[in-house]
Structure formats: structure tokens, C-alpha cells
Amino acid sequence: MRHLRFTWLFLGIAAALGSLVSAQKSPPSPAELVIVRKGTLPIIISAPHGGRVAVPGVPERKGVGIEQFVTVRDQNTDLLAESLADELEKQLGGKPWVVIARFDRSFIDANRPPERSYENAAAKPVYDAYHDPLIAACKAVKTKHGRGLLLDVHGQGVHPNSICRGTRNGKTVSLLVDRFGWPALVGKNSVMGRLEKSGYRVLPKCDSPPETKEEPKFAGGHMVGTYGSHTGYGIDAIQLEFGVNFRTREAYPKMAKDLADAVYAFHEAYLKDD
């Protein structure tokens, strides 16, 4: 009888361990492949290309017939975006809205329209798990504050010591410029102006005339083109392309702090509720 009790005990433990192992191996749900934080500030942070996780049941993209097809990860932009959010919470006493991809870009590129973002229907729920909370954030910010700033965080290796601005040559910040003039994008209290003043090389340079074109490759993708203030969402949107030297494990914490300082100045000048 005693032997039987031990047998049942052993079988019960084995079953429990089996269930635990099974649960640990369960593939992540679409929502688990995106970091989402609801905010209280009129600031939204997006980072679509820093993820490292494979999407279950979805093959890697091949890009047949797709122009500007890219699968390379924007290394550490996810960490930079999270650090930026933490720094802003410290400085402003509120939370920015955050949407960061955990999924790898080789499976889904969230900074593309659906027809160019993924090649398998099984990827759609994950794509939607990124964009649905971003849409919700834009709507919530516009409703509560009347205006807001979306920073879309990316990485580039063409200019390793530079930060490239992408606004589709001012189009995605049209409300900001209409309200406050061109200095709100490049002046002393702008995000780009503060970064340049802190010693960073910004492209285009902040003292460039307004007609100076942004570098075509980094002038703004689907994210800012969809949610920028030239659209019904009414949120001014800037794509920030950080050179590789600002995204190393050693460098990104300082980059996040300096960027937060710049966003703080912008908030105080242009986003504070009237």
C-alpha cells in the first residue's frame, strides 16, 4: 500500500512537471510578440525593427518582387526605445505610450503596409498586434491632448555617427509647423535642435534651409506616413535613424538619456496642455 502511494505521488509529480514543460514550450501569442505600454503623456514611442523572436508558424520573408526589401535587424533599437521611455517617465512624471516589436523583422516588417510586411496569412495577427495599439495610442493622445509626438525609432549604418531625421520633408509634422513654425522641428527647443546642441551630428543639419531634402532612404516610412499629422490621426511623427555607434550596448543608455532630455525640452515648449 505504501509502495502504491509513492507510485501515485511520483506519477502526480511527473504529470505536473510535464505540464510545466509543455506550458514553457507553448509558442508565444501575437500579443506576447509586442511590448505595449499604455501612457499618460502626449508622447508615443514606436520601435518596429529591433525584435529577435521568431514568429511561430510563419516562414521568413523572401521579398520576391518587393522593392527596398530589408530583413536586417536594427540592433538594440528595442532597448534604446525602452530606455527612452524609462527616462521620460523620470523626467516628466508620466508614462509615454510604447509599442515595440519583439518579433524579428525577417518574419514581419511592421514599418510596411500589410501587402509588403508579411508573406504568410498567419503573420497578420502579429502585424495587427503591433498596429492596433499604435492606432489606439494616437487616438487617445489626440482626444486627451489635442496634439502629440510620435517618435519612430530605427537604426542605420550608412552614417554611423549621425542621426537622420525622417518626416517626409516636413509632411508628417505639418500641424507642428503650422502652429509653431519651422523652428519647432529644428530650433533650440526641438528634438533635433537639442540633439545637435548636445554634440550629435543630425542630418539634415538644423541650420539647413527648410527646402533642404531629407535623405531619401531615411525620409520616413510607413509608420510616420500613416500616423503623422498630415493624416486624420493628427499626431506629429518623426522617424529617427540612429547610427550604429549610438546603438552599442555601451552607447545606447547615454543616447536614450540625451534623447529624453531633448524630448523633455520639446514637451515643455510644444506639448504642455494649455
Side-chain angles (χ1 to χ4, degrees), residues 41-47 81 84 87-88 91-92 96-97 111 134 137-138 141-142 144-156 158-159 161-243 246 255-274:
L41 297 169
I43 299 168
I44 305 166
I45 300 169
S46 164
L84 170 62
E87 290 290 344
L88 286 175
Q91 294 195 30
L92 290 170
W97 299 75
N111 195 34
L134 200 53
C138 289
V141 167
K142 185 179 179 182
K144 181 178 180 181
H145 303 280
R147 58 180 177 262
L149 177 68
L150 167 62
L151 297 174
D152 196 35
V153 178
H154 292 264
Q156 50 83 18
V158 178
H159 307 288
N161 290 304
S162 301
I163 303 169
C164 298
R165 181 190 83 214
T167 63
R168 297 197 175 180
N169 297 306
K171 186 177 181 179
T172 67
V173 291
S174 55
L175 283 182
L176 177 69
V177 174
D178 286 346
R179 285 172 175 151
F180 302 106
W182 190 251
L185 180 61
V186 298
K188 64 179 182 178
N189 289 320
S190 70
V191 174
M192 309 312 298
R194 284 281 174 157
L195 287 173
E196 191 171 78
K197 186 178 180 181
S198 296
Y200 292 95
R201 182 171 181 250
V202 170
L203 299 175
K205 293 181 179 179
C206 287
D207 60 1
S208 302
E211 60 270 19
T212 302
K213 300 296 184 182
E214 295 165 345
E215 189 162 337
K217 189 175 182 180
F218 308 122
H222 177 69
M223 214 70 73
V224 297
T226 299
Y227 304 111
S229 60
H230 63 298
T231 71
Y233 291 104
I235 302 298
D236 294 298
I238 304 174
Q239 180 172 304
L240 294 172
E241 295 272 358
F242 293 92
F246 303 133
M255 183 72 259
K257 175 64 168 60
D258 291 343
L259 178 57
D261 291 343
V263 177
Y264 175 86
F266 179 91
H267 175 274
E268 296 302 287
Y270 305 115
L271 289 179
K272 290 185 77 171
D273 294 332
D274 296 329

What residues form a side-chain contact (heavy atoms from CB on, under 4.5 Å) with [X], not counting sequence neighbours?
X	result
T231	Y233
Q156	V158, H159, C164, F218, E241
S198	Y200

With sequence neighbours left out, write down each residue that passes ring pair (Phe, Tyr, Trp, His ring centres under 6.0 Å) with [X], or none if nothing qualifies.
X	value
Y270	F180, F266
Y264	none
H222	H131

Is there a side-chain contact between [X] and [Y], using heavy atoms and a 4.5 Å cut-off?
X	Y	answer
R194	D258	no
V202	E196	yes
H267	L88	no
L134	T226	no

Donor-acceptor contact below 3.5 Å, side chain W182 vs main chain V177: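 A pair under 3.5 Å: no.
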
Exam field: side chain Q239 to backbone V224, donor-acceptor pair closer than 3.5 Å: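 Judged by distance alone, no pair lies under 3.5 Å.
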
Over all atoms of both residues, closest heavy-atom pair of R147 and L271: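 Taking R147 first and L271 second, the nearest heavy atoms are NE-CA, 4.0 Å.
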
Test side-chain contact (heavy atoms from CB on, under 4.5 Å) applied to I238 and T172, L185, L150, the passing residue: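 It is L185, the one option of T172, L185, L150 that forms the side-chain contact (heavy atoms from CB on, under 4.5 Å) with I238.
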
Residues H230, T167; criterion side-chain contact (heavy atoms from CB on, under 4.5 Å); working and verdict: CA-CA 10 Å; H230 63 298; T167 63; over 6 Å; no

Contacts of [X] that satisfy side-chain hydrogen bond (donor to acceptor under 3.5 Å, both in side chains) - sequence neighbours left out:
X	value
K188	none
S229	S174, D236
N169	none
H145	D273

Pairs meeting criterion salt bridge (Lys or Arg N to Asp or Glu O under 4.0 Å) with involvement of residues 207-231, two or more places apart: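 Pairs touching residues 207-231 that pass the test: R165-E214.
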
Salt bridge (Lys or Arg N to Asp or Glu O under 4.0 Å) partners of residues 167-179, not counting sequence neighbours, each pair once: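 Residue pairs passing salt bridge (Lys or Arg N to Asp or Glu O under 4.0 Å), neighbours aside: none found.
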
Stepwise side-chain contact (heavy atoms from CB on, under 4.5 Å) check, L149 with V173: CA-CA 9 Å; L149 177 68; V173 291; 5.7 Å; no

Worked verdict on M255 versus L195 for side-chain contact (heavy atoms from CB on, under 4.5 Å): CA-CA 10 Å; M255 183 72 259; L195 287 173; 3.9 Å; yes

